[in-house]
Protein chains: 2
Amino acid sequence: MAMSDTLKAISDPVRRQILNLLKDQSKPAGEIAAQFELTPATVSYHLKLLKQAHLITERREKNFIYYDLNASVFEEVLSWIYSLGIGGTPHDKK
Amino acid sequence: MAMSDTLKAISDPVRRQILNLLKDQSKPAGEIAAQFELTPATVSYHLKLLKQAHLITERREKNFIYYDLNASVFEEVLSWIYSLGIGGTPHDKK
DNA sequence: CATCTAATTAGAAAATATTCAAAATAGAAT
DNA sequence: ATTCTATTTTGAATATTTTCTAATTAGATG
């Protein structure tokens, strides 16, 4: 179920963009929501799905909720992709 | 749009299983359909989506349509995942 | 060319996913 | 304790996806 959750989570462009935003540093929900033309409620829904897929973790600080990226769950996805026999050296540059 | 199509395609378990079936050798649509408790029409719909994502190619032979895996489109997905800074050496075994 | 086989396309129904407005929660600040 | 701020949850509307049955296509075979 784990990989299925991961892939479902990243199948949505909004959720991928959220992961991109958290790449360098964690951010509070409001700051994340501000990047989209969506209501905070909608972004909160996407955060919930990412959280359920363990792609992000949350951390309270003051009255903000900070979200952190957890890219380690991609391991399983990478293994599956490589099992399909993708050509070339993994992560080969150019 | 390419990566979006790829990720959408592999977000469905039926379509992932189809890719798994094609891992070692190409197979005709009927043989693929037989692996699922779905009608041939439904499996054909999934094949269409995989084709649109360029994850498979089709090839006519007699009156069968053989499908082949094309895992090369995963390159872009892999790049994105690595850009998120996944820990460890790419494709590190254990 | 009539027919059979393999598979797809069309159209509609059912199931899921996404979105928003309004209400609720949780903690901080006054 | 009341209020303010950040965020989530709820419930309903809309959009998208998946599935099926029935009809169609494309090529092979008699």
Side-chain angles (χ1 to χ4, degrees), chain A residues 1-22 25-70 73 77, chain B residues 1-22 25-70 73 77:
Chain A
M1 208 74 290
M3 186 169 74
S4 202
D5 287 346
T6 307
L7 292 175
K8 204 73 108 67
I10 64 172
S11 72
D12 182 89
V14 170
R15 291 191 291 269
R16 285 199 302 278
Q17 189 54 40
I18 290 173
L19 297 182
N20 288 338
L21 289 170
L22 297 178
Q25 71 242 292
S26 64
K27 289 190 171 61
E31 199 170 319
I32 296 168
Q35 307 300 311
F36 299 93
E37 297 202 327
L38 296 169
T39 64
T42 296
V43 174
S44 188
Y45 157 79
H46 287 294
L47 289 169
K48 182 175 67 171
L49 295 191
L50 288 169
K51 210 177 349 173
Q52 285 170 353
H54 304 104
L55 277 160
I56 59 175
T57 57
E58 70 178 20
R59 170 171 53 87
R60 276 192 172 274
E61 194 167 317
K62 305 257 298 192
N63 53 344
F64 296 87
I65 299 179
Y66 282 82
Y67 285 96
D68 294 82
L69 176 64
N70 173 34
V73 297
V77 172
Chain B
M1 210 74 291
M3 186 169 74
S4 203
D5 288 346
T6 307
L7 292 175
K8 205 74 107 65
I10 64 171
S11 72
D12 182 90
V14 170
R15 292 191 290 270
R16 284 199 302 278
Q17 189 54 39
I18 291 173
L19 297 182
N20 288 339
L21 289 169
L22 298 177
Q25 71 242 291
S26 65
K27 289 191 169 63
E31 199 169 319
I32 295 168
Q35 308 299 313
F36 298 94
E37 296 201 328
L38 296 169
T39 64
T42 297
V43 175
S44 189
Y45 157 79
H46 287 295
L47 289 170
K48 182 175 68 172
L49 296 192
L50 287 169
K51 210 175 350 174
Q52 285 171 352
H54 305 105
L55 278 160
I56 59 174
T57 58
E58 69 179 20
R59 171 172 51 89
R60 276 194 172 273
E61 196 168 315
K62 305 255 300 189
N63 54 343
F64 296 88
I65 299 178
Y66 282 82
Y67 285 95
D68 294 82
L69 176 65
N70 172 35
V73 296
V77 172

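To find a chain, count down the sequence lines: A is the first, B the second, and so on, and within it residues start at 1. Hydrogens, waters and symmetry mates play no part in the numbers below; they use all other heavy atoms, side chains included.
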(message) Tell me which residues in residues 52-59 of chain B lie within less than 4.0 Å of DNA chain D, going by non-hydrogen atoms.
(response) none

Close N/O contacts between protein and nucleotides 14-20 of chain D (under 3.5 Å):
{"residue": "D/dT17", "atom": "OP1", "partner": "B/Lys8", "partner atom": "NZ", "Å": "2.2"}
{"residue": "D/dT18", "atom": "OP1", "partner": "B/Asp12", "partner atom": "OD1", "Å": "3.3"}
{"residue": "D/dT18", "atom": "OP1", "partner": "B/Arg15", "partner atom": "NH2", "Å": "3.3"}
{"residue": "D/dT18", "atom": "OP2", "partner": "B/Arg15", "partner atom": "NH1", "Å": "3.1"}
{"residue": "D/dT18", "atom": "OP2", "partner": "B/Tyr45", "partner atom": "OH", "Å": "2.8"}
{"residue": "D/dT19", "atom": "OP2", "partner": "B/His46", "partner atom": "NE2", "Å": "2.4"}
{"residue": "D/dC20", "atom": "OP2", "partner": "B/Thr39", "partner atom": "N", "Å": "3.0"}
{"residue": "D/dC20", "atom": "OP2", "partner": "B/Thr39", "partner atom": "OG1", "Å": "3.3"}
{"residue": "D/dC20", "atom": "OP2", "partner": "B/Thr42", "partner atom": "OG1", "Å": "2.7"}

(request) Using the heavy-atom set of chain B and a strict 4.0 Å cut-off, write down the first and last nucleotide of DNA chain C that makes it in, 5' to 3'. (result) C/dT5 to C/dT9

(request) Mind checking the CG-CG spacing from B/Leu21 to B/Leu69? Nearest 0.5 Å is all I need. (result) 10.5 Å

(message) Between P on D/dT7 and CD1 on A/Ile32, what's the gap in Å once rounded to a whole number?
(response) 8 Å

(request) Considering non-hydrogen atoms only, spot the tightest contact between B/Ser26 and B/Tyr67 and give its length. (result) CB-O, 2.9 Å

(message) Can you pull out every side-chain hydrogen bond (donor to acceptor under 3.5 Å, both in side chains) where at least one residue sits in residues 5-15 of chain A? Sequence neighbours excluded, please.
(response) A/Arg15-A/His46

(request) Can you measure from CD (A/Gln17) to CD1 (A/Ile32) and round to the nearest 0.5 angstrom? (result) 11.0 Å

(message) Would you compute the distance between atom OH of B/Tyr66 and atom NZ of B/Lys27 and round it to the nearest 0.5 angstrom?
(response) 10.5 Å

(request) Have a look at A/Tyr67 and say if it touches a base, only the backbone sugar-phosphate, or nothing, with a 4.0 Å heavy-atom cut-off. (result) sugar-phosphate

(message) Distance check needed: D/dT7 P versus A/Ile65 CD1, whole Å only.
(response) 7 Å

(message) Assuming nearest nucleotide by heavy-atom distance, tell me which of A/Lys48 and A/Asn63 is located more 5' along DNA chain D.
(response) A/Asn63

(request) Report yes or no: does A/Asn70 contribute a side-chain atom to a donor-acceptor pair with the main-chain N or O of A/His54 at less than 3.5 Å? (result) yes

(request) To the nearest 0.5 Å, tell me how far B/Leu47 CG sits from B/Thr42 OG1. (result) 11.0 Å

(message) Going by the rule salt bridge (Lys or Arg N to Asp or Glu O under 4.0 Å), which residues pair with B/Glu37 if we only count those two or more places apart in sequence or in a different chain?
(response) none

(request) Could you pull out the closest heavy-atom pair between B/Asp68 and B/Leu22, with the gap in Å? (result) C-CD1, 4.3 Å

(request) For A/Lys48, check salt bridge (Lys or Arg N to Asp or Glu O under 4.0 Å) against everything at least two apart and list the hits. (result) none

